[in-house]
Amino acid sequence: MSSLIVSTGLLERDFYLRPTLEVAHDLIGKYLVYKTEAGLLSARLVEVEAYIGEDDLACHASVGITKRNAVMYGMGGYSYIYFIYGMYYCLNVVTEDEGFPAAVLIRGAEPVEGMELMRHHFGDDKHNLLTNGPGKLCKAFALTRKENGIDLTGNRLYLEDRGYKVGKIGRSTRIGINKGIEKKWRFVELNSQYLSAKIK
DNA sequence: ACTGGGATTTTCT
DNA sequence: GAAAATCCCAGTG
């Protein structure tokens with residue numbers, strides 16, 4: 001957290017190979033950047049959730065390794081994208097060292113670049129908030145199963161520090177789960193207009 | 001403000 | 001065959 005040297009630019013491997021709660025906290029205020037054929041998309045993260053290990057009953061790895069969750073068992077700094085509820089994808093950032101399954105779910109962000117392309121991906125123009133919620137964020141960015149397992153230290157899909165000064169950060173329980181509901185592993189930038197749900 | 005249900009299909013038991 | 005780390009809409013109070 002505060003022990004990190006202040007620097008801007010691409011988040012390198014070391015950023016991800018740390019305890020997941022630290023990574024989750026530090027991801028708030030960082031920029032998600034995706035270079036597509038049609039243009040560049042970016043958004044500043046305002047809401048994330050940590051899913052940590054097989055003992056975390058809400059974590060996909062709680063049932064052991066499967067075809068779907070395999071990248072969570074790999075080294076930190078890779079994308080984990082899964083399909084859910086028959087129609088949505090969710091983007092995670094894998095954390096910690098190889099062999100320990102953990103990731104941070106990206107739940108909300110403020111659009112920065114490529115708003116028109118995001119709107120186009122959405123397919124309609126009646127939405128104002130295109131990236132407040134994990135399913136909506138992936139839809140706006142057009143991220144699908146094909147983007148699962150991407151190295152986030154590369155130059156196609158990555159996170160970077162642009163020197164943004166983060167506002168007050170709040171914590172709460174995680175959204176949309178039935179088990180592990182006691183853990184306060186959701187981090188949000190409190191004054192953001194781009195949260196998927198108000199903090200309790 | 002709060003509640004409940006429907007959409008839609010992959011994934012794992 | 002059931003559940004799912006979601007989202008939106010319609011109904012009620």
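In what follows, every heavy atom counts, from backbone to side chain, and hydrogens, waters and symmetry copies are set aside. Residue numbering restarts at 1 for every chain, and letters A, B, ... go by the order of the sequence lines.
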Name the nucleic acid region contacted by A:Gly86, choosing base, sugar-phosphate or nothing; use a 4.0 angstrom heavy-atom cut-off, strictly under.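 Base, at least one base atom sits under 4.0 Å.
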
Pairs under 3.5 angstrom only: tabulate donor-acceptor contacts from the side chains of residues 106-114 of chain A to other protein residues two or more places apart or in another chain.
residue, atom, partner, partner atom, Å
A:Arg107, NE, A:Glu47, OE2, 2.9
A:Arg107, NH2, A:Ser196, OG, 3.1
A:Glu110, OE1, A:Arg44, NH2, 3.2
A:Glu113, OE1, A:Ser42, OG, 2.6
A:Glu113, OE1, A:Arg162, NH1, 3.1
A:Glu113, OE1, A:Arg162, NH2, 3.2

Whole-Å gap separating [atom2] ([N]) and [atom1] ([X]):
X        : N     : atom1 : atom2 : answer
A:Lys179 : C:dA4 : NZ    : C1'   : 11 Å
A:Leu91  : C:dT6 : CG    : P     : 14 Å
A:Lys139 : C:dA5 : NZ    : C1'   : 19 Å
A:His60  : C:dA4 : NE2   : C1'   : 7 Å
A:Leu143 : C:dT6 : CG    : P     : 17 Å
A:Ile84  : B:dA7 : CD1   : P     : 18 Å
A:Ile177 : C:dA4 : CD1   : P     : 11 Å
A:Tyr82  : C:dA3 : OH    : P     : 18 Å

Please list, pair by pair, any protein nitrogen or oxygen found under 3.5 Å from a nitrogen or oxygen in nucleotides 8-12 of chain C.
residue, atom, partner, partner atom, Å
C:dC8, OP1, A:His127, NE2, 3.0

Is the number of heavy atoms from other residues, nucleotides or ligands within 6.0 Å of [atom1] ([X]) greater than 12?
X        : atom1 : value
A:Asn191 : CG    : yes
A:Gln193 : CD    : no
A:His120 : NE2   : no
A:Ile181 : CD1   : no

Name all residues meeting the side-chain hydrogen bond (donor to acceptor under 3.5 Å, both in side chains) criterion together with [X]; count only those two or more places apart in sequence or in a different chain, and write none if there are none.
X        : answer
A:His60  : A:Tyr80
A:Thr144 : A:Glu147
A:Asn148 : none

Requiring both pairing distances under 3.5 angstrom, list the stems that contain DNA chain B and are made of three or more consecutive Watson-Crick or G-U pairs.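 Stems found: B:1-7 with C:6-12, B:9-12 with C:1-4.
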
Is there, by distance only and without an angle test, a donor paired with an acceptor across the side chain of A:Tyr85 and the base of B:dA7 below 3.5 Å?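 Looking at the base of B:dA7, it does not pair with any donor or acceptor on the side chain of A:Tyr85 (distance under 3.5 Å).
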
Side-chain N or O of A:Arg186 less than 4.0 angstrom from OP1 or OP2 on C:dA5? no

For the side chain of A:Asn178, starting at C-beta, report the closest nucleotide among B:dT8, C:dA5, C:dA4. C:dA4

Output one line per pair: protein atom, nucleotide atom from nucleotides 11-13 of chain B, and distance, for all N/O pairs under 3.5 Å.
residue, atom, partner, partner atom, Å
B:dT11, OP1, A:Arg145, NH1, 3.2
B:dC12, OP1, A:Thr66, OG1, 2.4
B:dC12, OP1, A:Arg68, N, 3.2

Compute both the distance and the angle, then confirm whether A:Arg13 meets the cation-pi test with A:Tyr16: under 6.0 Å from the six-membered ring centre, within 45 degrees of the axis.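 Pair A:Arg13/A:Tyr16 does not count as cation-pi.
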
Whether A:Lys139 engages the ring of A:Tyr88 as a cation-pi pair (distance to the six-membered ring centre under 6.0 angstrom, angle to the ring normal within 45°) should be assessed. no

Applying salt bridge (charged side-chain N to carboxylate O under 4.0 Å, His left out), which residue pairs with at least one partner in residues 71-99 of chain A are found, sequence neighbours left out? none

Applying salt bridge (Lys or Arg N to Asp or Glu O under 4.0 Å), can you list everything that pairs with A:Arg145, at least two apart in sequence or on another chain?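 Scan of A:Arg145 (salt bridge (Lys or Arg N to Asp or Glu O under 4.0 Å), adjacent residues dropped) gives none.
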
Provide a list of protein-nucleic acid N or O atom pairs under 3.5 angstrom, restricted to nucleotides 2-5 of chain B.
none

Which pairs count as ring-ring contact (aromatic ring centres under 6.0 Å, His included) when at least one residue sits in residues 136-165 of chain A, sequence neighbours excluded?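 Pairs touching residues 136-165 of chain A that pass the test: none.
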
Sequence neighbours left out, what passes ring-ring contact (aromatic ring centres under 6.0 Å, His included) with A:Tyr73? Give chain and number order.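 A:Tyr73 satisfies ring-ring contact (aromatic ring centres under 6.0 Å, His included) with no residue once adjacent residues are dropped.
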
